[in-house]
Amino acid sequence: MHAALDVDEILRNVVNDSSLNKRDLASVAMTCRAWSDPALDELWESLDSLGPLLNALPQGLLEWEYSPGDKTTLAGIAMKMTRPFIQSDWASFRRYSTRVRAFRGSLDQMPISWDNWTQATMIIGEDMFCELAARSTPDPLFPRLHEVVWYNAHINNAKLLHLLVVPSVTTLHMPGISVHWFSSFMQSVYATVLELFATLGDLCPSMKSFHSPHNFALIPHASVLSPAIRSWKHLESITCTIPDFVCLEHFSTLSSLRHLQLHVPKEGLSIPNNLRFSQLDTLCLSGSPSDMVSLLRAIDGPLPISRFESQAFQCPEEDDIRQLLDTLLERCSPARLRSLYIQEYHHILLPTVIRSHPFRVTLDALRPAMAFSALERIYVDTPRAIALDDEDMLELAHAWPNARSLEINTNAGWVNESRVSLIGIAKLVHALPHLENLAVSVDARPLASQVEEDPSLTINEYSPRLRSLDLLDSRVGTDNETVASFLSKFICAPGCDARAWNRDKVLTKMSPDAACWRERWRQVFELLDTHS
């Protein structure tokens with residue numbers, strides 16, 4: 001073997017080649033002793049489940065119990081222990097667990113093939129977590145672990161969380177923890193999770209990115225995180241319900257903080273004034289519209305953010321959108337904001353007045369956002385009716401010349417018949433040279449007569465460039481060839497993903513003629529494919 005390959009750093013650069021898959025790395029690990037450690041470190045660096053570690057344990061320690069699935073669920077395989085760990089089992093487990101640096105996935109389950117063809121989900125039993133928690137030595141099982149992203153965490157397996165929060169962890173993300181509130185046992189286990197969260201500052205002192213369970217927003221226990229949050233001095237990203245006003249002040253002092261995603265709790269919060277976030281790049285807020293506005297108004301000085309997101313959890317009031325955008329304009333640097341995401345509360349039981357004339361979204365409601373001239377991505381999603389026409393859309397295009405994605409009411413549609421025409425969309429696309437994704441509603445029925453009346457449309461001046469076009473609850477007539485030809489010449493790039501009436505459950509309830517419009521657009525898009 002060449003002398004250069006005796007250098008550990010060179011070996012690690014070799015096995016770090018992105019073209020090597022797990023089978024390749026396993027083969028390299030068996031080449032010789034010098035190659036084994038670097039290859040095994042790379043092979044076990046990142047896992048999406050504990051499954052591979054458990055599969056490496058000696059035969060006879062585990063057994064599997066198969067249960068067939070049905071039409072709605074995959075088959076399941078429960079992994080169970082046949083005996084307690086002995087010393088050699090611990091040695092086998094630690095040989096690989098000490099190499100793991102990242103867990104990303106549903107850590108307590110994993111998809112597998114059963115009998116070489118049946119797709120199933122392997123579920124790791126609680127007895128395994130109890131055994132791992134009762135390890136023979138106090139040394140961490142994962143001493144090099146830096147990142148934990150646990151999707152769909154179940155509180156039954158809270159003991160796993162105790163194994164993963166080690167001093168080396170700098171990233172801990174748990175999008176949600178499932179809790180059965182009617183079980184007293186589950187609530188007692190949940191209490192241990194709260195105790196663990198209260199001590200996270202001591203357990204993981206170097207935390208840089210922390211995303212707490214989203215359903216902490218629904219319970220009165222977010223304050224347990226306060227001591228840990230206030231102890232972290234190098235946070236770069238955090239998602240949580242605001243524990244208390246002291247944490248808000250702490251966030252404003254962190255020069256390292258770039259991503260801040262906060263939920264304002266329902267019971268209200270005393271928000272301190274003169275908060276400064278001069279270092280932020282992303283600000284995401286959720287809660288009632290009035291609470292989000294109050295939090296923005298408490299910020300002193302311009303926010304240098306490039307992305308702002310808001311998600312409302314309360315029935316909309318008439319002026320909510322305008323008030324939020326007015327406040328955002330007062331607090332943000334107009335030349336820096338590049339992404340704007342506004343989502344209002346949707347629910348089937350919302351009063352019908354929400355879709356009435358006084359609540360509709362007009363150009364005037366969006367006007368404050370037009371001052372953000374650097375916007376590249378605009379997403380507005382409300383249960384309201386949209387009242388925009390061709391001139392309004394063109395005015396928006398002139399305000400946002402760098403727009404790459406523009407989506408308005410992708411979930412509920414525009415409710416009423418749109419006043420935007422396909423010609424208006426063609427002019428919008430022409431005015432936005434970077435636009436690739438568009439979601440709006442149009443009325444394509446009068447297209448033929450409009451083309452004849454508007455001589456400004458010349459193919460030489462227009463270059464269709466859209467890669468994705470969602471026409472939501474648009475109307476169209478029966479002249480399919482004219483519409484498809486127009487889309488091809490003026491709007492849609494070859495291979496464009498064009499669709500309409502794509503959200504059956506929502507849009508069908510809005511219009512009794514949904515099936516008719518959906519079928520007409522299907523015929524148009526079939527012809528569009530032949531034009532590409």
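All values below come from the heavy atoms of this structure, side chains included, with hydrogens, waters and symmetry mates left out.
Between the side chain of Thr82 and the backbone N or O of Gly60 there is at least one donor-acceptor pair closer than 3.5 Å. A distance-only check finds a donor-acceptor pair linking the side chain of Glu131 to the backbone of Phe85 [under 3.5 Å]. Listed for the His173 side chain is no donor-acceptor partner under 3.5 Å among the backbone atoms of Arg104. Judged by distance alone, with hydrogens and angles left aside, the side-chain atoms of Ser441 form no donor-acceptor pair with the main-chain N or O of Gly413 at under 3.5 Å. For Gln314 (side chain) and Pro289 (main-chain N/O), no donor-acceptor pair under 3.5 Å exists by modelled atom type. Looking at Asp127, its side chain does come within 3.5 Å of a backbone N or O of Met81 through a donor-acceptor pair. The backbone N or O of Trp44 sits nowhere less than 3.5 Å from a side-chain atom of Arg99 that would complete a donor-acceptor pair. Checked by atom type and distance alone, the side chain of Ser286 never pairs as donor or acceptor with a backbone atom of Gln311 at under 3.5 Å. Judged by distance alone, with hydrogens and angles left aside, the side-chain atoms of Ser168 form a donor-acceptor pair with the main-chain N or O of Leu145 at under 3.5 Å.
Taking each heavy atom of Ser278 and Pro304 in turn, the nearest pair found is O-CG, 3.2 Å. Between Cys492 and Leu528, the shortest heavy-atom contact is SG-CD2, 4.2 Å. Scanning all heavy atoms of the two residues, the minimum distance from Val100 to Leu47 falls at CG2-CD1, 3.9 Å. Ile299 and Arg331 get closest at one heavy-atom pair: O-NE, 2.8 Å. Of all the heavy atoms in Leu248 and Leu262, the pair that sits closest is CD2-CD1, 3.8 Å. Taking all atoms of both residues into account, the shortest heavy-atom contact from Gly51 to Ser49 is N-OG, 2.9 Å.
The aromatic rings of Tyr379 and Tyr341 lie parallel to each other, their planes meeting at an angle below 30°, with 60° marking the opposite boundary. Taking the six-membered ring for Trp and thresholds of 30 and 60 degrees, Phe93 and Phe142 have ring planes more than 60 degrees apart, a perpendicular arrangement. Classification of the Phe525-Trp521 ring pair by plane angle, with boundaries at 30° and 60°, yields parallel.
One finds the CD atom of Glu249 at 14.0 Å from the CZ atom of Arg276 (value rounded to the nearest 0.5 Å). To the nearest 0.5 angstrom, Ser405 atom OG is 11.0 Å from Leu375 atom CG. Atom CD of Glu45 sits about 9.0 Å away from atom NE2 of His146, to the nearest 0.5 Å. Remark: Arg101 CZ to Ser46 OG distance equals 11.5 Å, nearest 0.5 Å. Once rounded to the nearest 0.5 Å, the distance linking OG of Ser290 with CG of Leu324 reads 11.0 Å. Residue Cys496 holds its SG atom at 10.5 Å from CD of Glu436, rounded to the nearest 0.5 Å.
With a 4.5 Å cut-off on side-chain heavy atoms, Asp48 and Phe103 do not count as touching. Looking only at side-chain heavy atoms (C-beta outward), His250 and Thr253 come within less than 4.5 Å of each other. Residues Val166 and Pro143 have side chains not in contact (no heavy-atom distance under 4.5 Å, counting atoms from C-beta outward). Side-chain contact between Gln279 and Arg258: present, with at least one pair of heavy atoms (C-beta onward) separated by less than 4.5 Å. With a 4.5 Å cut-off on side-chain heavy atoms, Leu132 and Trp90 count as touching. Leu50 is not listed as a side-chain neighbour of Met128, based on a closest heavy-atom distance of 4.5 Å or more. Side-chain contact between Leu196 and Leu203: present, with at least one pair of heavy atoms (C-beta onward) separated by less than 4.5 Å. Between Pro58 and Asp89, some side-chain heavy-atom pair lies under the 4.5 Å cut-off.
Screening Ile242, Ile238, Leu200, Val246 for a side-chain contact (heavy atoms from CB on, under 4.5 Å) involving Ile229 leaves a single residue, Ile238. Screening Gln261, His211, Lys208 for a side chain to side chain donor-acceptor pair (under 3.5 Å) with Ser237, the sole residue that qualifies is His211.
A donor atom on one side chain and an acceptor atom on the other are not found under 3.5 Å apart for Ser206 and His234. Side-chain atoms of Ser306 and Asp281 include a donor-acceptor pair closer than 3.5 Å. Side-chain contact, Thr199 with Asp202: no donor N or O sits under 3.5 Å from an acceptor N or O.
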Residues Arg307, His259; criterion side-chain contact (heavy atoms from CB on, under 4.5 Å); working and verdict: CA-CA 9 Å; Arg307 187 177 77 183; His259 175 90; 3.4 Å; yes
Ser468 and Asp497: CA distance, side-chain angles, deciding distance, side chain to side chain donor-acceptor pair (under 3.5 Å) verdict: CA-CA 5 Å; Ser468 175; Asp497 177 20; 4.6 Å; no
Step-by-step side-chain contact (heavy atoms from CB on, under 4.5 Å) determination, Phe210 to Leu225: CA-CA 11 Å; Phe210 177 75; Leu225 285 170; 3.8 Å; yes
Chi angles and distances behind the side-chain contact (heavy atoms from CB on, under 4.5 Å) call for Phe129, Leu161: CA-CA 10 Å; Phe129 298 122; Leu161 186 58; over 6 Å; no
Test side-chain contact (heavy atoms from CB on, under 4.5 Å) applied to Leu275 and Leu295, step by step: CA-CA 9 Å; Leu275 295 172; Leu295 182 55; 4.3 Å; yes
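Taking a 6.0 Å sphere around CD of Gln87, one finds it holds 12 or fewer heavy atoms contributed by other residues, nucleotides or ligands.
In this structure, the salt bridge (charged side-chain N to carboxylate O under 4.0 Å, His left out) partners of Arg522, at least two apart in sequence or on a different chain, are Glu519, Glu526.
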